[in-house]
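Notes follow once the structure below has been shown.
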Amino acid sequence: MRKARILRTTNETDIQLELVIDGEGKAELETGVPFLTHMLDLFAKHGQFDLQVNAKGDTEIDDHHTTEDIGICLGQALREALGDKRGIKRYGNAFVPMDEALAQVVIDLSNRPHFEFRGEFPSQKVGTFDVELVHEFLWKLALEARMNLHVIVHYGRNTHHMIEAVFKALGRALDEATMIDPRVKGVPSTKGML
Ligand SMILES: [Mn+2]
């Protein structure tokens with residue numbers, strides 16, 4: 001079973017995270033950041049991942065450390081759960097609309113961390129959540145998973161919808177990239193390793 005459990009404790013956050021790649025879309029989330037909980041729930045559901053997160057962070061300051069550190073843990077879990085990446089599709093691409101918003105996520109599980117983001121969110125806050133943390137979360141996820149992650153928000157008017165489309169597309173693109181393709185013999189790279 002492709003899964004990993006990450007424990008991470010710092011002076012800022014205390015996080016336990018478990019990821020099952022070939023899951024059923026079940027999420028059990030206690031992040032302390034309600035909007036992030038909502039997004040991770042969508043991510044797990046649309047990526048067919050099982051995800052458990054128990055995080056206690058210094059949210060009395062703001063949601064920055066907790067959001068960033070959950071991104072780090074999710075990236076580490078993904079990398080660990082994928083192991084040597086034998087038989088995976090490696091690439092994933094998903095467009096997801098959410099009402100008036102359209103997001104696209106393109107992934108290469110390349111072992112070469114890179115993050116590109118194109119898009120403008122009309123609001124700086126969704127509820128109490130700082131919208132700039134979306135970028136922070138995704139960048140740390142890409143870095144720790146050692147993947148190439150391109151996120152494009154093509155358009156939208158409602159920031160909540162736009163971010164939701166991003167997390168759903170992230171789930172679907174990662175589901176595709178991590179999928180085992182029976183035609184792939186060994187590691188899908190002419191280099192022989194990923
Ligand atoms: Mn929503």
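Given the structure is predicted, the values throughout are model-derived calculations rather than measurements. Numbers here simply count residues along the sequence, with the first being 1. In each ligand, atom 1 is the first atom listed, and ligand 1 is the first ligand listed.
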Partner residues of D84 under the side-chain hydrogen bond (donor to acceptor under 3.5 Å, both in side chains) criterion, sequence neighbours left out =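 Only R86 meet the side-chain hydrogen bond (donor to acceptor under 3.5 Å, both in side chains) criterion with D84.
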
List the atom of V105, the atom of L149, and the distance in Å for their closest heavy-atom pair.
->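 Scanning both residues completely, I find the closest heavy atoms to be CG1-CD1, 3.7 Å.
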
Members besides M1 in its Ile/Leu/Val/Met/Phe/Trp/Tyr cluster (side-chain heavy atoms under 4.5 Å) =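 Besides M1, the hydrophobic cluster comprises V20, listed by chain and residue number.
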
Which ILVMFWY residues are connected to L194, directly or by a chain of links, through side-chain heavy atoms under 4.5 Å apart?
-> V187

Sidechain N-carboxylate O distance under 4.0 Å for D22, R2 |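 Yes.
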
Taking 4.0 angstrom as the limit, do E176 and R172 come out as a salt bridge?
->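 Salt bridge flag = no for R172 with E176.
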
Near the Mn ion (ligand 1) (protein N/O/S, cut-off 2.8 Å, waters excluded) we have H38 NE2, H160 NE2, E164 OE1

